[in-house]
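Below you'll find the structure, written out as structure tokens, and then a few comments.
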Amino acid sequence: MRVLVTGGSGLVGKAIQHVVEKEGRGKEEEWIFLSSKDANLMSMDETQKVFRKYQPSHVIHLAAMVGGLYKNMKFNLDFLRNNMYINENVLHAAHEVGVVKVVSCLSTCIFPDKTTYPIDEKMIHNGPPHESNFGYAYAKRMIDVQNRAYFQQHKRCYTAVIPTNVFGPHDNFSIEDGHVLPGLIHKAYIAKKEGEPLVVWGSGTPKRQFIYSLDLARLFLWVLREYPEVDPIILSVGEENEVSIKEAADAVVHALDFKGDVVYDTSKADGQLKKTASNAKLCSYRPDFYFTPFQQALKETCDWFVANYDTARK
Ligand code: NAP
Ligand code: GFB
């Protein structure tokens with residue numbers, strides 16, 4: 001089993017690398033982690049070259065244009081085009097060299113905006129996604145369509161996982177472009193140093209389910225090795241573990257021991273109010289799976305950021 005990981009240098013890729021190295025690779029497994037320096041996967045030519053070079057039998061496909069709410073709102077066209085190119089090139093090149101299994105990565109933000117809750121795997125295509133990230137969402141939805149077509153026409157087991165909001169070491173801590181937790185961690189770190197208030201964007205009322213990148217990595221390995229379906233699977237903590245942005249901000253304040261004021265800038269967009277996902281399918285396969293408690297995972301992430309401040313992506 002030779003596993004090629006696209007997007008191997010990012011938040012999720014680094015977590016998979018960590019788990020493979022620290023918690024054991026399978027006896028017959030060889031792992032290759034790619035970054036954009038190895039190949040620009042928006043180019044079919046470069047994608048084919050890197051797949052021919054490594055001849056993988058299995059692929060974890062993470063590479064994508066990724067960003068938080070505010071980056072998505074500014075660049076819907078780029079999110080749509082870049083991700084459609086990357087996904088088309090990766091799946092086609094994988095098929096050409098005979099890859100038997102691909103696990104791609106969707107996101108719970110691609111589900112319909114107007115929906116019943118909790119969201120489950122069958123609802124992906126039931127209506128338009130939230131307008132803030134329609135470019136990213138439609139490009140990601142097409143992976144599910146492509147997977148079904150690869151199965152129908154070529155019997156390929158190309159499948160996908162659907163994580164909720166991910167966080168952990170090696171995240172993108174950019175304040176402008178990143179997701180809420182790395183953004184708040186970075187802002188709280190600066191506010192603490194400068195003796196200024198922490199400014200949380202939006203009202204603080206939207207709700208999110210957060211998954212720790214190392215938990216997600218462990219689940220990715222299980223999906224790669226054992227999950228038998230082409231249909232995707234939601235990888236999420238339970239509905240009872242959903243938190244508001246205010247609760248998330250309070251948790252960051254606690255983890256970084258920030259003593260200053262916390263203010264809310266309600267001139268900034270809130271984005272999707274919630275996207276509560278069901279992990280019933282995951283629990284039916286993995287009733288034993290242990291999720292790291294949120295506050296512990298957040299503390300580990302903050303400690304990593306403080307220790308790696310100079311080199312962290314920001
Ligand atoms: P990330 O930290 O931003 O990493 C993105 C990865 O993609 C990097 O390794 C990057 O390479 C690579 N990449 C980007 N454009 C590329 C290109 N044109 N050619 C080759 N490689 C390219 O993202 P992440 O958070 O780990 O996301 C991994 C996957 O999880 C993505 O598919 C994302 O959509 C999905 N996801 C993420 C979240 C979340 O909250 N973060 C939630 C749900 C789903 P370089 O390092 O060389 O730039
Ligand atoms: O993680 P995030 O940017 O993305 O979270 P989404 C946005 C929520 O956090 C909004 C609030 O309610 C914001 O008002 N927020 C508060 C902040 N302070 C901050 C801050 O400093 N930075 C950021 N970024 N938000 C993304 C999608 O949606 O979810 C992507 O747009 C993606 O496509 C990702 O897939 C998982 O959860 O709203």
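Order of appearance sets the numbers: ligands from 1, and atoms from 1 within every ligand. Model, not experiment: these values are computed from the prediction.
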Inter- and intrachain pairs under ring pair (Phe, Tyr, Trp, His ring centres under 6.0 Å), touching residues 225-246, at least two apart: Trp222-Tyr227, Tyr227-Tyr285
Close residues (non-hydrogen atom under 4.0 angstrom from ligand 1) work out to Gly7, Gly8, Ser9, Gly10, Leu11, Val12, Ser35, Ser36, Ala39, Asn40, Leu41, Met42, Leu62, Ala63, Ala64, Val66, Ile86, Cys105, Leu106, Ser107, Tyr136, Lys140, Pro163, Thr164, Asn165, Val166, His179, Arg313
Taking the non-hydrogen atoms of Gly67, is any one of them nearer than 4.0 angstrom to ligand 2? yes
Side chain or backbone of Tyr136 under 4.0 Å from ligand 2, or both, or neither, by non-hydrogen atoms? side chain
Can you pull out the closest protein heavy atom to atom 4 (O) of ligand 2? Residue, atom name and distance to 0.1 Å, please. Leu69 N, 3.5 Å
With a 4.0 Å heavy-atom cut-off (strictly under), which part of Ile245 contacts ligand 2: side chain, backbone, both or neither? side chain
Please confirm whether Met73 comes under 4.0 Å of ligand 2, counting heavy atoms of the residue only. no
Candidate pair Glu121 and Lys281, rule salt bridge (charged side-chain N to carboxylate O under 4.0 Å, His left out), full reasoning: CA-CA 8 Å; Glu121 290 83 354; Lys281 184 173 182 179; 5.1 Å; no
Consider ligand 2: state whether an atom of it lies below 4.0 angstrom from any non-hydrogen atom of Lys187. yes
Who else is in the cluster with Val230 when I, L, V, M, F, W and Y are joined by side-chain contacts under 4.5 Å? Phe151
Could you tell me if any non-hydrogen atom of Lys268 lies under 4.0 Å from any atom of ligand 2? no
Please determine whether any non-hydrogen atom of Ser203 lies less than 4.0 Å from an atom of ligand 2. no
Non-hydrogen atom of Ser132 closer than 4.0 Å to ligand 2: no
Would you mind listing the cluster partners of Met84? Hydrophobic ones only (ILVMFWY), side-chain contacts under 4.5 Å, chaining allowed. Leu80, Phe134, Tyr138
Mark up the atoms of ligand 2 that fall under 4.0 Å of a heavy atom belonging to Gly178, in ascending order. 24 (N)
